[in-house]
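Side-chain atoms are counted along with the backbone in the values below, which use heavy atoms only and exclude waters and symmetry mates.
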Amino acid sequence: MQLEKFIDRRKTHSVKWFIEDQDIIPLCIADMDFQVSDEIVSAISQKATHGIYGYSTFCARYYDAVEYWWKTQYDWELKQEWISFSPGIIPGMNLLLKALTQPGDSVIVQDPVYYPFFSTIQTQGCTILHNSLLYSEEGYKMDFGDFEEKAAQPNTKVFILCSPHNPVGRVWTHEELRRIGEICEKNGVIVISDEMHGDLTYPGHKHIPFAKVHPDHLNFSITCAAPSKTFNIAGMQSSIFIIPNKDIKEKYETLLTGFGLMRPNAFAVEGTIAAYYKGLPWLQEVKEYLNANLEYVCTYLKEHIPAIKVVKPEATHLIWLDCRELGIAADELHTFFLEKAGVRLDEGMKFGAGGQGFERINIACPREVLTEALLRIKAAINEMENC
């Protein structure tokens, strides 16, 4: 099986694998250690052999591919005039906040959440409003009472929705999304919906685009997505912003052009077209493999390291690990995994106050890599307990 093959990325300028200690296993950063589909490799190879890599632009084939994907996967018929480009979710989000807010305005986030949201908000001179998720044995849920109070504050202008949620892995239901939409519409709050992981759901769960939940949502929401997490092509830096509101789209694209970010790189268009038109069989295989890896981690931890609790995700190739029963101080937990086990995870505290005592692990890797990491963690914990 191709996904079982370990591909050494240490000398490929990979951010994930660019580590001084070559013995460290990096299970951090949300890209996959799987080779992309043959169809994407073929499309990029053809572009490479053309031999000229000048400025690129978009074409009808590109827009058709984007519309095809959202129609076939989510039964959502996009209009070409809604579709905008960004070299990445965070750069585009910075521009959106610059267009939609003034310094001193407030932006709601639901922590623990993807930590670049915090710096993005602060960079635009805005205040972060924490609508922290509620955690119990049943998992995470939204605190609607607190959300409504914060949305009603006069300086609240934007809510950044993480859907599916990173790092806790929730796939929000139609009812949850509609209730959020009603509150935001009532209070004039714009929703920036980061749906980067929407294609990576587990059996029994289906991502619902926020803008599709109700016709009214189209007017006050921006959908941020990309083929990057889905098809492991984040390095192509080609994200898709769906902005049905004409005024918001014009403001955004004016800033996009002003900062010189309006063009894709030479390989992004062909990579996106190949991914959306031909990548589904590969994606289905990857999702099956991820589900097997998820069940493997859940079983292993339950049997061998029961002090680490899995917050079982409904989507994403990431698992949020509750490590509080290990008895390790929150500010020492990440260092313990790195220095004692030789495994680099994503530090829970970076995701907000609700991340204390948690770590995030990326399971999009061959089983042998995942197994070695778990064995190392088990050995380190055993050694700690026997001291």
Side-chain angles (χ1 to χ4, degrees), residues 12-16 29-32 34-48 50 52-74 76 78-96 114 116 120 166 192-200 207 209 222-243 249 252-253 255-280 282-283 286 316-317 364:
T12 62
H13 310 292
S14 163
V15 172
K16 182 177 180 180
I29 303 178
D31 70 3
M32 303 183 191
F34 303 140
Q35 184 171 311
V36 303
S37 72
D38 292 341
E39 291 78 11
I40 293 176
V41 172
S42 176
I44 298 305
S45 297
Q46 289 182 36
K47 179 65 176 178
H50 182 264
I52 299 177
Y53 315 121
Y55 293 122
S56 297
T57 189
F58 300 98
C59 59
R61 289 170 55 245
Y62 170 85
Y63 290 110
D64 288 346
V66 173
E67 292 169 24
Y68 170 81
W69 185 257
W70 287 84
K71 173 59 178 176
T72 56
Q73 299 305 304
Y74 303 104
W76 189 18
L78 304 184
K79 296 181 180 179
Q80 180 175 323
E81 58 265 28
W82 295 353
I83 301 171
S84 288
F85 166 77
S86 176
I89 298 296
I90 295 303
M93 199 173 285
N94 268 280
L95 296 183
L96 283 170
Y114 183 54
T120 298
N166 174 15
I192 300 176
S193 185
D194 177 3
E195 304 186 11
M196 175 68 78
H197 293 94
D199 299 320
L200 296 173
H207 170 66
I222 301 100
T223 303
C224 307
S228 56
K229 302 299 184 188
T230 306
F231 297 101
N232 202 27
I233 54 174
M236 290 186 191
Q237 299 181 315
S238 180
S239 295
I240 297 157
F241 281 24
I242 302 168
I243 315 177
K249 187 169 185 286
Y252 167 74
E253 292 192 341
L255 289 171
L256 191 73
T257 301
F259 282 94
L261 300 173
M262 64 288 186
R263 293 189 183 95
N265 70 54
F267 299 96
V269 171
E270 294 303 329
T272 299
I273 293 170
Y276 282 156
Y277 272 137
K278 300 179 180 179
L280 185 58
W282 178 90
L283 176 59
V286 165
T316 83
H317 51 288

Measure across [X] and [Y] and return the closest heavy-atom pair with its distance rounded to 0.1 Å.
{"X": "Met196", "Y": "Thr230", "value": "O-OG1, 4.4 Å"}
{"X": "Asn232", "Y": "Phe34", "value": "ND2-O, 2.8 Å"}
{"X": "Leu95", "Y": "Leu255", "value": "O-CD1, 3.4 Å"}
{"X": "Ser56", "Y": "Pro264", "value": "O-CD, 3.5 Å"}
{"X": "Lys229", "Y": "Leu200", "value": "O-CD1, 3.8 Å"}
{"X": "Ala225", "Y": "Trp70", "value": "CB-CZ2, 3.5 Å"}

Got a second to check how far [X]'s [atom1] is from [Y]'s [atom2], nearest 0.5 Å?
{"X": "Thr316", "Y": "Asp199", "atom1": "OG1", "atom2": "CG", "value": "12.5 Å"}
{"X": "Leu78", "Y": "Ile83", "atom1": "CG", "atom2": "CD1", "value": "5.5 Å"}
{"X": "Ser37", "Y": "Lys278", "atom1": "OG", "atom2": "NZ", "value": "9.5 Å"}
{"X": "Ile222", "Y": "Ile192", "atom1": "CD1", "atom2": "CD1", "value": "5.0 Å"}
{"X": "Ser42", "Y": "Lys47", "atom1": "OG", "atom2": "NZ", "value": "14.0 Å"}
{"X": "Thr272", "Y": "Phe267", "atom1": "OG1", "atom2": "CZ", "value": "13.0 Å"}

- Is it true that Glu67 and Lys71 make a salt bridge, defined as a side-chain N closer than 4.0 Å to a carboxylate O? no

- Can you list the residues that meet the side chain to side chain contact (heavy atoms under 4.5 Å, CB included) rule with Ala274, with sequence neighbours excluded? Ile40, Ala43

- Task: Could you tell me how the ring of Trp69 sits relative to the ring of Phe231: parallel (under 30°), tilted (30 to 60°) or perpendicular (over 60°)?
- Result: perpendicular

- Would you please classify the geometry between the Tyr68 ring and the Tyr277 ring as parallel, tilted or perpendicular, with 30° and 60° separating the classes? tilted

- Query: Among Met236, His50, Arg61, which one satisfies side chain to side chain contact (heavy atoms under 4.5 Å, CB included) with Glu270?
  - Reply: Arg61

Close side-chain approach of [X] to [Y], heavy-atom, < 4.5 Å:
{"X": "Leu256", "Y": "Ser84", "value": "no"}
{"X": "His207", "Y": "Tyr74", "value": "yes"}
{"X": "Tyr114", "Y": "Ile90", "value": "yes"}

- For the residue pair Tyr276 and Asp64, confirm or rule out a side-chain donor-acceptor distance under 3.5 Å. no

- Give me the one residue out of Phe58, Phe241, Tyr62, Tyr63 that meets ring-ring contact (aromatic ring centres under 6.0 Å, His included) with Phe85. Phe58

- Message: Around atom CZ of Phe259, are there more than 12 heavy atoms from other residues, nucleotides or ligands closer than 6.0 Å?
- Response: no

- Distance-only, no hydrogens or angles: does the Ser14 side chain make a donor-acceptor pair with backbone N or O of Lys16 under 3.5 Å? yes

